[in-house]
Structures are given as structure tokens and as C-alpha cells.
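To start, the structure under review is shown below, and the notes come after it.
The structure presented is a predicted model; accordingly, all values stated were derived computationally and were not measured. By convention here, the first residue in the shown sequence is residue 1. Heavy-atom basis, side chains included; hydrogens, waters and symmetry copies ignored.
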Amino acid sequence: MTDNFSFSIEKHLGKISDDKSSWPMELNLVSWSNHPAKYDLRPWSPDHQKMGKGVTFTAEELKNLRDLLNSLEIQG
């Protein structure tokens, strides 16, 4: 397995959190290693050169997640 990969943030969609003690969690449209862009949720450094662990979603997966979240009664 190679450690070489490239990424391009094609569109910044929004910040999920802005905790001053860690990098902000963001939802972006990201192309990984020149593949078609996917929706990506993870913490990013302020200069967007480093990132934390995250998850990527296709458009269909993100729609399914949205529908699931909309059906939940979230407490707190």
C-alpha cells in the first residue's frame, strides 16, 4: 500500500463544529487521487493541508443519511 495520494477540495459546503481546541469539522466536496468528488466529513487544519480521520459519502449515501437524520428525534 502506498502513502502517496492527492486530494482537492472542490467545494467547501460548511463547518459542523468550531471547537477552539481542535481542527474544525467540515463538510466538503473532495476529489481523492483524481477520482470523482465525494461528500467528505472530517476535521481539517486551518490551511487545509492536513486532515483528521473522516468519512466520505456518495450523493445517494448522503441523501440516505439526511433522510435517516430527519427521521430521528435527537435529544440534547
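- Tracing side-chain contacts under 4.5 Å through hydrophobic residues (I, L, V, M, F, W, Y), one reaches Leu29 starting from Val55; they form part of the same cluster.
- When all heavy atoms of Ser17 and Pro24 are compared, the closest pair comes out as O-CB, 3.3 Å.
- Partners of Asp18 under the salt bridge (Lys or Arg N to Asp or Glu O under 4.0 Å) rule, at least two apart in sequence or in another chain, are Lys15, Lys20.
- Scored by the side chain to side chain contact (heavy atoms under 4.5 Å, CB included) test, Lys50 finds Trp23, Ser45 as partners (sequence neighbours excluded).
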Donor-acceptor pairs under 3.5 angstrom involving side-chain atoms of residues 37-44: please list them, not counting sequence neighbours.
from: Asp40; atom 1: OD1; to: Arg42; atom 2: NE; distance (Å): 3.1
from: Asp40; atom 1: OD1; to: Arg42; atom 2: NH2; distance (Å): 2.9
from: Asp40; atom 1: OD2; to: Arg42; atom 2: NE; distance (Å): 2.8
from: Arg42; atom 1: NH1; to: Gly52; atom 2: O; distance (Å): 2.9

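- With sequence neighbours excluded, no residue forms a side-chain hydrogen bond (donor to acceptor under 3.5 Å, both in side chains) with Ser8.
- Taking NE2 from His12 and CG from Leu27, the interatomic distance works out to 8.5 Å, rounded to the nearest 0.5 Å.
- Met25 and Met51 are assigned to two separate hydrophobic clusters, defined by single-linkage of ILVMFWY side chains at heavy-atom distances under 4.5 Å.
- With sequence neighbours excluded, the residues forming a side-chain hydrogen bond (donor to acceptor under 3.5 Å, both in side chains) with His48 are Glu26, listed by chain and number.
- With contacts defined as side-chain heavy-atom distances shorter than 4.5 Å, the pair Ile9/Val30 qualifies.
- Within the structure, the salt bridge (Lys or Arg N to Asp or Glu O under 4.0 Å) test picks out no pair touching residues 53-72 (sequence neighbours left out).
- Between atom OG1 of residue Thr58 and atom CG of residue Leu65 there is a gap of 10.5 Å, rounded to the nearest 0.5 Å.
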